[in-house]
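Working notes, structure below.
Start at 1 and go down the list; that is how both ligands and their atoms are numbered. Just so it is clear, the model here is predicted, and its values are computed rather than measured.
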Amino acid sequence: MGIRCRVWKSKDLSPIQNAWLEYCRTAARSDMRLREDADKTMRQWLAKRFQQRNTVGFVAEVDGVFAGFILGRIDDWESIPPVIEARRIGIVDALYVVENFRKQGVGGLLIERATQAMKDGNAVAIETIYDAWNDASIQTWQRAGFAPWMVHAYRML
Ligand SMILES: CC(C)(COP(=O)(O)OP(=O)(O)OC[C@H]1O[C@@H](n2cnc3c(N)ncnc32)[C@H](O)[C@@H]1OP(=O)(O)O)[C@@H](O)C(=O)NCCC(=O)NCCS
């Protein structure tokens, strides 16, 4: 199996949009509903991110077929209140691997490539958010050296 990881191109926006929305449909909680214009909104948002210079995007292909993506950005982080010196960090907004290519190292490879790009962009750390109940994401991020720090807690009302 030939896994290839490359910087994203405009032709990737459509498969990324479909994969990400599909994930949102399955992962959303009962208090979250996709907007009616989710397709259009996602297309416009991705197109904007594609133009931004601080965006980090990679696509994985297996034997030439779209197998997954990672999307993030490099940003200067300021604390609230602003008492900690601003620092440059990488933020991973999404990591997704197409179901039949999972557990073959694709996700790990995408994280590795994004990590290197963020290091090259002078980020001093990387943060991401993942589902606390999903074994695949817990294991994948842990294997890549990530550990929970601040916890986002949630209570349904
Ligand atoms: C999370 C996700 C990206 C993992 O992708 P992947 O290509 O299967 O990951 P890898 O094959 O590189 O696996 C990385 C490590 O996690 C482990 N792992 C992956 N899936 C696992 C699972 N379901 N259960 C237990 N361990 C798992 C692998 O064994 C591997 O560990 P190893 O290096 O010790 O072998 C993929 O499952 C996915 O796209 N899920 C839906 C979207 C999502 O949850 N994204 C994360 C939040 S943004």
Margin query: Between Asn18 (side chain only) and Pro15 (backbone N and O only), is there a donor and an acceptor less than 3.5 Å apart?
Written below: no
Notebook entry, point to check: Short question: side chain of Arg113, backbone of Gly57 - any donor-acceptor pair under 3.5 Å?
Noted result: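 Checked: no pair found.
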Could you pull out the closest heavy-atom pair between [X] and [Y], with the gap in Å?
X      : Y      : value
Phe69  : Leu110 : N-CD1, 3.7 Å
Cys24  : Leu34  : CB-CD2, 3.9 Å
Asp131 : Ser137 : O-OG, 3.7 Å

Checklist line | Pairing residues for Phe58 by the ring-ring contact (aromatic ring centres under 6.0 Å, His included) criterion, not counting sequence neighbours | finding: none
Item checked: Verify atom 28 (C) of ligand 1: protein non-hydrogen atom under 4.0 angstrom away -> no
Next item on the list: Flag atom 35 (O) of ligand 1 as yes if some protein heavy-atom distance to it falls below 4.0 Å, otherwise no.
Entry: no
I need the atoms of ligand 1 closer than 4.0 Å to a non-hydrogen atom of [X], numbered in the order shown.
X      : result
Arg102 : 8 (O), 36 (C), 37 (O), 38 (C), 39 (O), 40 (N), 41 (C)
Gln104 : 11 (O)
Val106 : 7 (O), 12 (O)
Ser137 : 1 (C), 46 (C)

Looking only at protein heavy atoms, which one is nearest to [atom], and how far off is it?
atom                    : answer
atom 44 (O) of ligand 1 : Tyr23 OH, 3.6 Å
atom 7 (O) of ligand 1  : Gly107 N, 2.8 Å
atom 8 (O) of ligand 1  : Lys103 N, 2.7 Å
atom 18 (N) of ligand 1 : Gln139 CB, 3.9 Å
atom 5 (O) of ligand 1  : Val97 CG2, 3.5 Å
atom 19 (C) of ligand 1 : Thr140 OG1, 3.7 Å

Check: Should Leu95 be listed as contacting ligand 1, given a heavy-atom distance under 4.0 Å as the test?
Finding: yes
Check: In terms of side-chain heavy atoms, does Asp120 have a donor or acceptor partner in Gln116 at a distance below 3.5 Å?
Finding: yes
Notebook entry, point to check: For atom 21 (C) of ligand 1, which of Ala136, Ala19, Gly105 has the closest heavy atom?
Noted result: Ala136
Notebook entry, point to check: In terms of hydrophobic clusters joined by side-chain contacts under 4.5 Å, are Val59 and Val65 together?
Noted result: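 Yes, Val59 connects to Val65 through the hydrophobic network.
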Check: Is Ile70 reachable from Met42 through a run of hydrophobic residues whose side-chain heavy atoms are each under 4.5 Å from the next?
Finding: yes
Nitrogen or oxygen atoms of [X] and ligand 1 under 3.5 Å apart:
X      : value
Gly108 : yes
Trp141 : no
Tyr130 : no
Ile129 : no

Margin query: Run Leu71 and Leu46 through side chain to side chain contact (heavy atoms under 4.5 Å, CB included) and show every step you take.
Written below: CA-CA 10 Å; Leu71 196 59; Leu46 277 174; 3.7 Å; yes
Item checked: Intermediate values then yes/no, side chain to side chain contact (heavy atoms under 4.5 Å, CB included), Thr140 and Ile111 -> CA-CA 9 Å; Thr140 299; Ile111 296 174; 3.7 Å; yes
Next item on the list: Determine whether the side chain, the backbone, both or neither of Arg143 has a heavy atom under 4.0 Å from any heavy atom of ligand 1.
Entry: side chain
Margin query: Tell me which pairs pass ring pair (Phe, Tyr, Trp, His ring centres under 6.0 Å) where either residue lies in residues 70-127, with sequence neighbours left out.
Written below: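 For residues 70-127, and leaving out neighbouring residues, there are no ring pair (Phe, Tyr, Trp, His ring centres under 6.0 Å) pairs at all.
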